[in-house]
Amino acid sequence: MGLLTVMLAIGSTMAAAQQSGSTDWPAEKCNRYKKAYDQSISRLGKKGLGLEFLASHDAFLASNCQARAEVCARSKEELDLANRLVVMAMNSGMSSTFLPFNCRS
């Protein structure tokens, strides 16, 4: 069995589980995102992350990823973390609309 076949089979299984309702997909996405965030903070630290960025992000996590938090990455470190989390979220099967990153001003 080739790698592509295995990847397609895994993707089909994950999609079927999400569609069948056997798991609480919003809660699962939040758990995956929290894990990615914790791993990233452990690896990169919080140096260069502003209080507003951290507070907005914490509010998103505290709402079990349900609130539309306005997490705006401005510093290089915030942008690096946001980009890392976007990639990790996509690799975990989440859509970009799930993520809390948004700059209105």
Side-chain angles (χ1 to χ4, degrees):
M1 195 183 263
L3 179 59
L4 181 58
T5 305
V6 171
M7 289 174 61
L8 289 173
I10 290 170
S12 296
T13 301
M14 287 176 63
Q18 292 168 13
Q19 292 172 357
S20 71
S22 62
T23 58
D24 180 357
W25 183 231
E28 179 61 26
K29 286 191 295 187
C30 192
N31 289 336
R32 290 179 188 188
Y33 183 78
K34 285 178 183 176
K35 182 178 178 183
Y37 178 74
D38 290 342
Q39 288 174 346
S40 296
I41 292 298
S42 291
R43 183 175 188 95
L44 304 174
K46 291 186 178 181
K47 184 179 184 224
L49 304 180
L51 293 177
E52 184 178 349
F53 178 87
L54 291 170
S56 297
H57 197 271
D58 288 347
F60 176 69
L61 294 177
S63 74
N64 205 30
C65 307
Q66 297 297 309
R68 235 337 77 189
E70 302 292 326
V71 181
C72 183
R74 297 187 190 279
S75 71
K76 179 191 180 315
E77 293 84 0
E78 290 170 355
L79 288 169
D80 288 346
L81 177 60
N83 286 333
R84 178 183 176 92
L85 290 169
V86 167
V87 171
M88 293 174 85
M90 298 296 112
N91 287 341
S92 293
M94 292 178 249
S95 68
S96 60
T97 58
F98 169 81
L99 299 167
F101 304 109
N102 189 9
C103 295
R104 298 230 183 250
S105 55

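The figures that follow rest on heavy atoms only: side chains count, while hydrogens, waters and symmetry mates do not. Sequential numbering from 1 along the given sequence is applied to the chain's residues.
To the nearest 0.5 Å, the span separating OG on S56 from CD on E70 amounts to 8.0 Å. Taking CG of N91 as the start and CZ of R32 as the end, the distance is 11.5 Å to the nearest 0.5 Å. Separation of atoms NZ (K35) and SG (C30) is listed at 14.0 Å; rounding is to 0.5 Å. Interatomic distance, CG of N31 versus OG1 of T23, reported as 10.5 Å (0.5 Å rounding). Atom OH of residue Y37 and atom CG of residue L85 lie 8.0 Å apart, to the nearest 0.5 angstrom.
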ring-ring contact (aromatic ring centres under 6.0 Å, His included) evaluation trace for F60 with F101: CA-CA 10 Å; F60 176 69; F101 304 109; 8.2 Å; no
Check against side-chain contact (heavy atoms from CB on, under 4.5 Å), C72 and F53: CA-CA 6 Å; C72 183; F53 178 87; over 6 Å; no
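Using a distance-only test at 3.5 Å, with no hydrogens or angles considered, a donor-acceptor pair links the side chain of E78 to the main chain of R74. Within the 3.5 Å criterion, the main-chain N or O of G48 finds a donor-acceptor partner in the side chain of S75.
The side-chain heavy atoms of Q66 and P26, taken from C-beta on, include a pair separated by under 4.5 Å. Side-chain contact between L81 and I41 is present, with heavy atoms from C-beta onward closer than 4.5 Å. In this structure, L79 and R84 have side chains that are not in contact, with every pair of non-hydrogen atoms separated by 4.5 Å or more. Between P100 and Y33, some side-chain heavy-atom pair lies under the 4.5 Å cut-off.
In the hydrophobic cluster analysis, where Ile, Leu, Val, Met, Phe, Trp and Tyr join through side-chain heavy atoms closer than 4.5 angstrom, V87 is grouped apart from M94.
Residue K34 places its NZ atom among more than 12 non-hydrogen atoms of other residues, nucleotides or ligands, all under 6.0 Å distant. Within 6.0 Å of the CD atom in E52, the count of heavy atoms belonging to other residues, nucleotides or ligands does not exceed 12.
Across M88 and Q39, no two heavy atoms sit closer than the pair CE-OE1, 3.3 Å. The two residues W25 and G93 make their nearest non-hydrogen contact at CZ2-O, 3.5 Å.
For the pair E77 and K47, the salt-bridge criterion is not met [side-chain N within less than 4.0 Å of a carboxylate O]. Ion pairing between D80 and K76 holds under the 4.0 Å rule for side-chain N and carboxylate O.
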